[in-house]
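Everything quoted here is computed from the prediction, not taken from an experiment.
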Amino acid sequence: KLEEERTELLQRYQILSEAAHDLSWDWDLQTNKITHNEALVSLYGYDRSHLQEDIMWWAKLIHPDDYGVAAWSIQEAIRERRKYWSAEYRFKKADDSYVWVLDRGILQTDENDKPLRMIGSIVDLTNRRAAEDERNQLFRLSVDSMLMLDPNGTITQANAAFYNLAGIEPSPDDVHNMREYLNEEHVKLFDSAVDRALRDGLESHFATSIESEGGWGKTVQWGLLTNEPRSRLFLIGRDITESIEARSELEAALARSQEL
């Protein structure tokens, strides 16, 4: 029965990996041999004649700087009998270049909970990493305030524009909630936007004052949206204080001209 389960699980991984063009692998923990699908040849450029089933040959494909953490985490998962394991590290291609990958595995044990094998797949993260680098550059250089929040409104990341707007110095040890920078009335606007995002996946736009070291004084137009799993919130704000002041001055000038 265990062999049937292993075969079924492996077939499932093969189908999913081939459909997604991923590298699947099957590690026999009794013999320490590892087998894989054709993606090691088609995606990573290895010649079939050079492929080996020895787990130590496979381990050498992990970047030396990442090997310690990756090896420790998978051994820890096996030792603690955790069913699922994952790690990100640099994987060596046949041309000796490295690409960032996400490696995920499922542990199979026998009726006595003894580890038998691990079956998994490797996903190339090159495109995702490039997109993240581009996003991080935009995040750093933007003149608009950009923040990432958890569903409770706690700030997990903010750019320099926000810290300048709030008049505070960033500190990695400080944990702040976005509500700390809003007055009571505007907290309600923020909470409503968060609720729409997390409940319905809708984007919201609203304006608030923001508290800085000098007190209240900046007016900000915000846009708030969430990601697909609705596990994070993205908040983008533009300081519209000068625009409002200019409009007020124009309206006052028009009013005076009508009195003449």
With sequence neighbours left out, the residues meeting salt bridge (Lys or Arg N to Asp or Glu O under 4.0 Å) with D28 are R117
Sorted by chain and residue number, the ring pair (Phe, Tyr, Trp, His ring centres under 6.0 Å) partners of Y163 (sequence neighbours excluded) come out as none
Distance (rounded to the nearest 0.5 Å) between L235 CG and L149 CG:
5.5 Å
May I have the list of side-chain donor-acceptor pairs in residues 188-196 shorter than 3.5 Å, sequence neighbours left out?
from, atom 1, to, atom 2, distance (Å)
D191, OD1, R179, NE, 2.8
D191, OD1, R179, NH2, 2.9
D195, OD2, R199, NH1, 2.6
R196, NE, S204, OG, 2.9
R196, NH2, E203, O, 3.4

If you count heavy atoms of other groups shown closer than 6.0 angstrom to CZ of F139, is the number above 12?
yes
Without swapping roles, check the side chain of D200 against the backbone of L202 for a donor-acceptor pair under 3.5 Å.
no
Give a yes or no on this: more than 12 heavy atoms of other residues, nucleotides or ligands lie within 6.0 Å of atom CD of E185.
no
Mind checking what makes salt bridge (Lys or Arg N to Asp or Glu O under 4.0 Å) contact with D96, not counting sequence neighbours?
K92
Residues which pass salt bridge (Lys or Arg N to Asp or Glu O under 4.0 Å) with E169, listed by chain and number, not counting sequence neighbours
none
Would you indicate whether the side-chain heavy atoms of M146 and F234 approach each other to under 4.5 Å?
no
Ring pair (Phe, Tyr, Trp, His ring centres under 6.0 Å): which pairs involve residues 109-135, sequence neighbours left out?
none
Got a second to check how far L107's CG is from I74's CD1, nearest 0.5 Å?
9.0 Å
List the residues meeting side chain to side chain donor-acceptor pair (under 3.5 Å) with D150, not counting sequence neighbours, and say none if there are none.
none
With sequence neighbours excluded, tell me which residues meet ring pair (Phe, Tyr, Trp, His ring centres under 6.0 Å) with H205.
none
Sort and list the pairs that fulfil ring pair (Phe, Tyr, Trp, His ring centres under 6.0 Å) and have at least one residue in residues 89-133, not counting sequence neighbours.
Y44-F91, W58-F91, H63-Y98
Taking A77's backbone N and O only, do any of them form a donor-acceptor pair with E80's side chain (distance below 3.5 Å, no angle check)?
no
Applying side chain to side chain contact (heavy atoms under 4.5 Å, CB included), name anything that partners E53, two or more places apart in sequence or on another chain.
K33, T35
Any salt bridge linking E76 with R82? Criterion: basic side-chain nitrogen under 4.0 Å from a carboxylate oxygen.
no
Q137 atom CD, over 12 foreign heavy atoms within 6.0 Å
no
May I have all residue pairs that pass salt bridge (Lys or Arg N to Asp or Glu O under 4.0 Å) and include part of residues 140-149, sequence neighbours excluded?
D144-R238
Partners of K93 by salt bridge (Lys or Arg N to Asp or Glu O under 4.0 Å), sequence neighbours excluded?
none
Can you measure from OG (S121) to CG (L23) and round to the nearest 0.5 angstrom?
8.0 Å
